[in-house]
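Just the heavy atoms: all of them, side chains too, but no hydrogens, waters or symmetry mates, feed the values below. Order of listing sets the numbers, starting from 1, for every ligand and every atom in it. Residue numbers start at 1 and run along the sequence shown.
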Amino acid sequence: MVEAKAWVLKKHFKGFPKDSDFELKHEQLHEQLRDGEVLLEAVFLSVDPYMRLYSRIRMQPGDVMIGTQLAKVIRSNNPEFPVGIHVVGPCGWRSHTVSDGTGLTRVLNDWPLNLSLSHALGAIGMPGLTALYGLEEVLAIQPGETLLVNAAAGAVGSVAGQIAKLKGCKVVGSTGSEAKVAYLKELGFDHAFNYKTVPSLEEALKQASPEGYDAYFDNVGGYFSSIALTQMKRFGRIAVCGAISTYNDKEPQTGPYPQLSMVLKELRMEGFVVVRWEDKNQESLKKMLIWLQEGKLKCREHVTVGFEKMPAAFMGMLQGDNMGKAIVQV
Ligand code: NDP
């Protein structure tokens, strides 16, 4: 038997999550695997904003928290996933998992020895792909254009801004602290500001790009977006990636509404979910890994050590503690 730990959603979050919404459970897992099964041991776990959003759509009290992890295969009855390899899998907040292989992906064969495997949950993983597809597939970003990105020092935003720079754009980033503003400048953003301290968001956006914005990669939604839309150029494009400023609302926010800006500026707004382009993932991850090895893409992590700290790491990410990808190391 293997002693496994799992974090369970004890009750639905009301507003911002609290420690008492989570419960740590212990389970005994059988080591005798059926044909096709593997036993996984978590090495790194991801904490992501979607967990807050999906908790109310896809989860019931008592369910193990949803999530992706980087795990090592420690027993195997599945030739596709032999003992010793590492996989990314949708195992939830579990220390050990018996899996039939569904949804598991092997880490790229040519993963560099000097690069932590945790990046398979970040820049060379789902958040990186989100940035890439939002820019290439949704916004069809072009050299010379001006891009606005918010939550810009986070996992998705920091990669989106850097890829846009690689593609010859002017990039403006919004983020929540002075240290993060400095980090964005280090990454090569043309302008960055702290949305929490600027006297006027509208003025900050105008100052950063008086001519307006061709494209807007929106991670935040809510009030920020209602102002950003007024600063778009005519025929501007908006990729709606997320709306983290609304995920912890007890009641849905109301207005101002986007229609007037959209009509007057003839904007195009498209929401997207990263899995739409899943068939391109392997080739896209290889491309980003090359950028990383060439020093064109930098990725930072905010690592919390200890499986016991999963809820704290999750809540910390929601309130902006992280610069780069928020990760838990077991
Ligand atoms: P981040 O690493 O960016 O972490 C979340 C960040 O959000 C925090 O660090 C904080 O940074 C910022 N934030 C929190 N509350 C607010 C607020 N009220 N207003 C503005 N910013 C806030 O997370 P990810 O990069 O993983 O995710 C970014 C966005 O992308 C989320 O909306 C997420 O749901 C979305 N997403 C969408 C996907 C898709 O397929 N469509 C896939 C993956 C992510 P700060 O200090 O700047 O406030």
Side-chain angles (χ1 to χ4, degrees), residues 15-17 45-57 66-68 90 118-119 121-123 125-139 148-163 172-184 187 189 192-198 201 204 216-228 238-249 253 269-278 281 284 299-304 313-328:
F16 198 88
L45 297 101
S46 183
V47 283
D48 299 85
Y50 73 79
M51 295 163 178
R52 174 65 184 91
L53 175 65
Y54 288 169
S55 69
R56 61 174 179 239
I57 307 170
I66 51 173
T68 303
S118 53
H119 291 292
L121 300 173
M126 183 280 283
L129 292 168
T130 305
L132 185 74
Y133 297 147
L135 291 173
E136 289 188 346
E137 306 290 337
V138 183
L139 293 171
L148 170 64
V149 54
N150 49 18
V156 174
S158 61
V159 177
Q162 291 182 80
I163 296 178
V172 176
S174 164
T175 189
S177 75
E178 295 312 314
K180 289 183 181 185
V181 167
Y183 173 54
L184 295 184
L187 291 180
F189 282 54
F193 63 85
N194 179 350
Y195 71 93
K196 291 181 180 167
T197 55
V198 287
L201 185 52
Y216 167 31
F217 193 114
D218 187 12
N219 289 315
V220 168
Y223 172 76
F224 189 103
S225 286
S226 63
I227 303 297
I238 298 124
V240 184
C241 175
I244 194 163
S245 70
T246 66
Y247 294 171
N248 291 305
D249 289 345
Q253 292 176 25
M269 181 186 272
E270 181 178 343
F272 73 98
V273 179
V274 58
V275 292
R276 197 195 308 178
W277 300 279
E278 210 164 21
N281 282 2
S284 303
C299 47
R300 194 160 166 163
E301 293 181 315
H302 180 88
V303 181
T304 304
F314 175 57
M315 292 185 281
M317 177 277 301
L318 287 176
Q319 70 190 14
D321 290 353
N322 61 307
M323 219 184 298
K325 178 73 188 97
I327 293 285
V328 174

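Side-chain N/O atoms of Lys325 and Ser46 include a donor and acceptor closer than 3.5 Å.
The side-chain contact (heavy atoms from CB on, under 4.5 Å) check on Cys241 picks up Thr130, Val156, Phe217, Asn219, Phe272, with sequence neighbours excluded. In terms of the side-chain contact (heavy atoms from CB on, under 4.5 Å) criterion, Ala182 has no residue partners (sequence neighbours excluded). In this structure, Phe189 has no ring-ring contact (aromatic ring centres under 6.0 Å, His included) partners at least two apart in sequence or on a different chain.
Using bins of under 30°, 30° to 60° and over 60° for the plane-to-plane angle, the ring pair Tyr133/Trp277 lands in the tilted bin.
Using modelled atom types, one side-chain atom of Gln253 and one backbone atom of Ser245 make a donor-acceptor pair closer than 3.5 Å.
For ligand 1, the 4.0 Å heavy-atom shell contains residues Pro49, Met126, Thr130, Ala151, Gly154, Ala155, Val156, Thr175, Gly176, Lys180, Tyr195, Asn219, Val220, Cys241, Gly242, Ala243, Ile244, Ser245, Tyr247, Phe272, Val273, Val274, Met317, Leu318, Gly320, Asn322, Gly324.
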